[in-house]
Amino acid sequence: MALLEVEDLVVEFPTRRGRLVAVDRVSFSIEAGEVLGMVGESGAGKSLTGMAIIGLLEPPGRIAGGAIRFEGRRIDDLPPEAMRRIRGRKIGAIFQDPLTSLNPLYTIGRQLEETIRTHLDLDARAARARAIALLREVGIPAPERRIDAWPHELSGGMRQRVVIALALAAEPALVVADEPTTALDVSIQAQIVQLLKRLCREHGTAVLLVTHDMGVIAETADRVAVMYAGRLVELGPVEAVIRRPRHPYTRGLMGAIPRIGAGKGRLVQIEGAMPRLDAIPPGCAFHPRCPRAVERCRLERPELAPVGPAHAAACWRLEPEPTG
Amino acid sequence: MTRPLVEVEGLARRFDVSRPWLARLLAREPRRFLHAVAGVDFAIPRGTTMALVGESGCGKSTVARMLVGLLRPSAGRIVFDGTPLDPDAGRKALAPIRRRMQMIFQDPYASLDPRWRVEAIVAEPLDAFGLVRDRAERRERVAELLRAVGLSPADGRKYPHEFSGGQRQRISIARALASRPDFLVCDEPTSALDVSVQAQILNLMKELQEQLGLTYLLISHNLAVVSVMADQVGVMYLGRIVELAPADELFARPRHPYTRLLLDTVPDLEMRRRERAPVAGEVPSPIDPPPGCAFHPRCPFAERRCRAERPALLPAGPARVACHAVEEGRLPA
């Protein structure tokens, strides 16, 4: 049994002019200890998928269909109080801006100790000792002193380390990390990615890593899920998806990424832009931008279907498999 | 050899970050200055792209703002097409030069006035510099500009909010091109955009450069973007250029330890799951930069000389590098 199973998840926003479907029948699973990268452009629905899993969808957004199972139990229909106990204890969360996760009015030690004592049966002294150990583990220098620091006294990179310590404080089985490095400088980004990777490996924590940065996914994830206009269009082992993408969107996306050493040539360009939620075309949502689209793509929505070992794509007109 | 279009010599900018006078007096504190840019030299040949890269706070955007006249330099000289820019000259005197240099900003949501129609936005430089005779010519020129950036003349009637981020950046580019400039300063032009849209804008910038013979200064923190755009790259750290090199050279043979660090931190699509050498530390405060070489606290090759003496930007092959270890030949190749 997979640690997390998401089945036909639908997230919608009711509006006066009808409902907007932001996540449209998305299914995937995460095994214990696995890192699943979820990539897509802004508005593709990747962050909303993560938020739905940790039960933090902002109203009026709501789960309108499907099921989310964690350790075999449904968690999408739990009352808020029950979900709160799972969040933090079993599922940790890391967001883009560390300041949204840290309370500016409490020292970082108090926030860590509170989280630890909420979820684990420890007394104050043991909680403080564990908080210091966690800060050391995430690479905060002089943790005995820094534990009494306020969030504003730390740099962005240090704050994100504290957030990671908070997310891992109760030894959760899964961490949902939403753009954990996007707000940081490049050299700090690399430090945080390395840290997250090392900690999750050592603790056997599974990760849903939501990001727009394919490079971060290439270096961190075991498998990758590519989202477009609320739908999962390709899912497979990182290496296969990066080297042999089968969905035309994934292929265009990979070609559009500038690479060092590729010289000054033109970048592959996907014409147009992702449709807005109120204007998603019928059939395959990508067909108006797709160089391979045919009549069927305009009429019928393709479902995710196997295209290789553990590799699936939702497309009527798959890119041919490269030979040799 | 023809003269470079843009020459920058000893350019510097400091900001006064002292506390108020009375507080300073009571605490017996001196004035404090933040040296955002501390003496930068480079030249950009006509029709080429120079990139400045570095992390936040390195001073790259401050250089950009001084070049286009949004900030007054504290010291140094900017020479444009052979004419030194005199910051004390009046608006009128500078107008003929200002017309020839324009800027594109990072955030296409903040840089376009939401209450103006696109045609008014694009036509603003035409009116400001008096470049069109009548309304018919103005309309024609706006249509031509919108077509040049891949929009339709009918889009001129719309407001910025009706466009996506990528289309808004096209509008910014159309506005920047309105006064027929030779030189565009592009400050993180694609950082707010998605990858597929970024590719469209970068390709558009290249096409326009070819068609119009534009010269670019590209400010970016993204080395991969720089590698597909630039002919020449300056790497900045705490207000100074630490390495200045032709782009091919910089990416093939980075010399300065900071350049190597930056290149090593770029996530790589090919070398998956490599363990990278841990990079210690963060950029120190520019108010109290470390003595000697500002990079020495993070540098694995730092020695006593690095802590005491600031390295000058010296030739090293086709590059110029400010590093004692490079000069003394004690860096591994």
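All chains are named by letter (A, B, ...) in the order of the sequence lines, taking the proteins before the strands, and each is independently numbered beginning at 1. Because the structure is a prediction, the values reported are computed rather than measured.
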>> In the structure I gave you, are the side-chain heavy atoms of B/Ser164 and A/Arg276 within less than 4.5 Å of one another anywhere?
In response: no
>> Please determine whether the number of non-hydrogen atoms from other residues, nucleotides or ligands lying under 6.0 Å from atom CD of B/Glu210 exceeds 12.
In response: no
>> Shorter than 4.5 Å, heavy atoms on both sides: which option in A/Ser155, A/Gly215, A/Gly139, A/Pro258 has the most such pairs with chain B?
In response: A/Pro258
> Is it the side chain or the backbone of A/Met254 that comes within 4.5 Å of chain B heavy atoms, both, or neither?
Replying inline: side chain
> Side chain of B/Asn203, backbone of A/Arg266: donor and acceptor closer than 3.5 Å?
Replying inline: no
>> Suppose the criterion is ring-ring contact (aromatic ring centres under 6.0 Å, His included): which pairs have a residue in residues 223-250 of chain B, not counting sequence neighbours?
In response: B/Tyr237-B/Tyr258, B/Tyr237-B/Phe295
> Shortest non-hydrogen contact from B/Ala199 to A/Val268?
Replying inline: CB-O, 3.5 Å
>> So which residue, A/Ser42, A/Pro141, A/Gly40, ends up with the most heavy-atom pairs under 4.5 Å with chain B?
In response: A/Ser42
> Looking at B/Ala247, B/Ala230, B/Ser196, B/Ala252, which makes the most heavy-atom pairs under 4.5 Å with chain A?
Replying inline: B/Ser196
> When heavy-atom pairs shorter than 4.5 Å are enumerated against chain B, which of A/Gln269, A/Met158, A/His212 gives the highest number?
Replying inline: A/Gln269
>> If you count heavy-atom pairs within less than 4.5 Å of chain B, which of A/Gly265, A/Gly252, A/Gly261 leads?
In response: A/Gly265
> Looking only at heavy atoms, which two atoms of B/Ala224 and A/Ile260 are closest? And how far apart?
Replying inline: CA-CG1, 3.8 Å
>> So for B/Leu223, is it side chain, backbone, both, or neither that comes closer than 4.5 Å to the heavy atoms of chain A?
In response: both
> Where do B/Asp194 and A/Glu41 come nearest, in terms of heavy atoms and distance?
Replying inline: CB-OE1, 3.0 Å
> Between A/Asp185 (side chain) and B/Glu55 (backbone), is there a donor-acceptor pair under 3.5 Å?
Replying inline: no
> Do you know which of A/Ala273, A/Gly272, A/Gly156 has the most heavy-atom pairs under 4.5 Å to chain B?
Replying inline: A/Gly272
>> Just verifying a value: how many Å separate B/Gln198 CD and A/Ile257 CD1, rounded to the nearest 0.5 Å?
In response: 9.5 Å
>> Under a 4.5 Å cutoff for heavy-atom pairs, which residue among B/Gln167, B/Lys206, B/His221 has the most contacts with chain A?
In response: B/Lys206
> Is the count of non-hydrogen atoms from other residues, nucleotides or ligands lying under 6.0 Å from A/Arg246 atom CZ greater than 12?
Replying inline: yes
>> Under a 3.5 Å threshold, yes or no: a donor from one side chain and an acceptor from the other, between A/Gln189 and B/Thr265?
In response: no
>> Tell me whether B/Asp248 is salt-bridged to A/Lys264, with the criterion being a basic N under 4.0 Å from an acidic carboxylate O.
In response: no
